[in-house]
2 protein chains.
Amino acid sequence: MKHTAEFLRERGIQPSQQRIAIYEALASTKAHPSADLIHGALAPGMPTLSRTTVYSTLELLVERGLAQRLALTGSELRYDADVSPHLHFRCRACGSVSDLPGQAPSPPELPAGYLAERVQLYAEGLCPACSAGLRS
Amino acid sequence: MKHTAEFLRERGIQPSQQRIAIYEALASTKAHPSADLIHGALAPGMPTLSRTTVYSTLELLVERGLAQRLALTGSELRYDADVSPHLHFRCRACGSVSDLPGQAPSPPELPAGYLAERVQLYAEGLCPACSAGLRS
DNA sequence: TTAAATGCAAATAATTTGCAGCATA
DNA sequence: TATGCTGCAAATTATTTGCATTTAA
């Protein structure tokens, strides 16, 4: 898409076919996908796309402020193209990660000397679908 | 230590030599160590202690509410024997994780249907030592 | 004596690295 | 043409699993 190419170029990222596809895949979902999920989603249409490229592109997006990286489990990184401060909820039953509506947390006062570059708040528990399942 | 043994037993954990040592190692540090770090710290005095035991004991402590698990980077889990709600700060330069003084943020209002079991807030940036280093 | 805890080794999963080929400014 | 992007394969790191042995109620 022409639009995405410009968008990337404006932020100092050389737009390649792969980078455009990866950014669009990330931006068009609310699922907070991992690198592997994005690779799996794009692979059918881009058979030669390598995981390496997906990993490095996602890191590049984070560096340039176009995505945020979420470390919610110890075992995989998830990404979100929505970089506005907002809350995440991870369901321990189904593993889904969702955005929570409502206001972002007020960043806490930090003691002198600390330079916070980003603040993340997340809650873990059961999502509506899974907690409903338990009751039935 | 006799004291720790009782403490564990009261929470339904069979106190073994290994479990006592692991819990004491975790409780006596503010470093938010990973399983491997704890293993490394105890290994000199307990040459047969296996990583497997450290991993499973830490998970047991989390289940029983005696420790919390921190997923701050995508690549490793860190543990904290302080289970009171408090803030964590991770320095992106030196990788250290520290507790932040001050009260934890009030848990946000969750939409109906969500059952939050734990809420974590953490900030990432530069710690006092590392930000001082940049200035000099 | 019997169930639970431990420890070794091998397996797994996500991610990173080295390097050669390719594409594009 | 020269720089940077891509992709394969191999390496690395944290963690988990299978299973036999040991420990302790």
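Just so it is clear: chains get the letters A, B, ... in the order the sequence lines come, proteins before strands, and each one is counted from 1.
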- Query: With sequence neighbours excluded, what pairs up with B/R69 under the salt bridge (Lys or Arg N to Asp or Glu O under 4.0 Å) test?
  - Reply: B/E59

- OP1 or OP2 of C/dT6 less than 4.0 angstrom from a side-chain nitrogen or oxygen of B/S16, does that happen here? yes

- When you check the phosphate oxygens OP1 and OP2 of C/dA5, does a side-chain N or O of B/Q14 lie under 4.0 Å from one of them? no

- Message: Using only atom types and a distance under 3.5 Å, with no angle test, would you say the side chain of A/S28 pairs donor to acceptor with the backbone of A/A25?
- Response: yes

Between atom [atom1] in [X] and atom [atom2] in [N], what is the gap in whole Å?
X     : N      : atom1 : atom2 : result
B/I13 : C/dA4  : CD1   : P     : 15 Å
A/L37 : C/dT15 : CG    : C1'   : 15 Å
A/D36 : C/dA13 : CG    : C1'   : 9 Å
A/R19 : C/dA25 : CZ    : C1'   : 14 Å

- Message: Tell me which residues in residues 44-56 of chain A lie within less than 4.0 Å of DNA chain D, going by non-hydrogen atoms.
- Response: A/T48, A/L49, A/S50, A/T52, A/T53

- Task: Taking only heavy atoms on the protein side, list every residue of residues 66-81 of chain B lying under 4.0 Å from any atom of DNA chain D, sorted numerically.
- Result: B/S75, B/E76, B/L77

- Task: Would you please classify the geometry between the B/H88 ring and the B/H86 ring as parallel, tilted or perpendicular, with 30° and 60° separating the classes?
- Result: perpendicular

- Query: Taking atom types as modelled, is there a side-chain donor on B/Q18 or B/T53 under 3.5 Å from an acceptor on the other?
  - Reply: no

- Item | Residue pair B/D82 / B/S84, side-chain donor-acceptor N/O under 3.5 Å | yes

- List for me each residue that meets ring-ring contact (aromatic ring centres under 6.0 Å, His included) alongside B/Y79, sequence neighbours excluded, and say none if there are none. none

- Item | Partner set under ring-ring contact (aromatic ring centres under 6.0 Å, His included) for A/Y55, not counting sequence neighbours | none

- Can you list the residues that meet the side chain to side chain donor-acceptor pair (under 3.5 Å) rule with B/R118, with sequence neighbours excluded? A/E124

- Message: The criterion is side chain to side chain donor-acceptor pair (under 3.5 Å); which residues satisfy it with B/E117, sequence neighbours excluded?
- Response: A/R92

Cut-off 3.5 Å, no hydrogens considered: what does the side-chain donor-acceptor table look like for residues 38-48 of chain A, sequence neighbours left out?
{"residue": "A/H39", "atom": "NE2", "partner": "A/L49", "partner atom": "O", "Å": "2.9"}

- Item | Along DNA chain D, first and last positions that approach a heavy atom of chain B under 4.0 Å | D/dA14 to D/dT17

- Query: Members other than B/L37 in its cluster, when Ile, Leu, Val, Met, Phe, Trp, Tyr link by side-chain heavy atoms under 4.5 Å?
  - Reply: none

- Do A/L66 and A/L8 have side-chain heavy atoms sitting under 4.5 Å apart? yes

- Query: Who passes side chain to side chain contact (heavy atoms under 4.5 Å, CB included) against B/A93, sequence neighbours left out?
  - Reply: B/C91, B/L126, B/C130

- Note on the structure: Overall bend of the helix from C/dT1-D/dA25 to C/dA25-D/dT1 (five pairs an end, 10° steps) is 30°

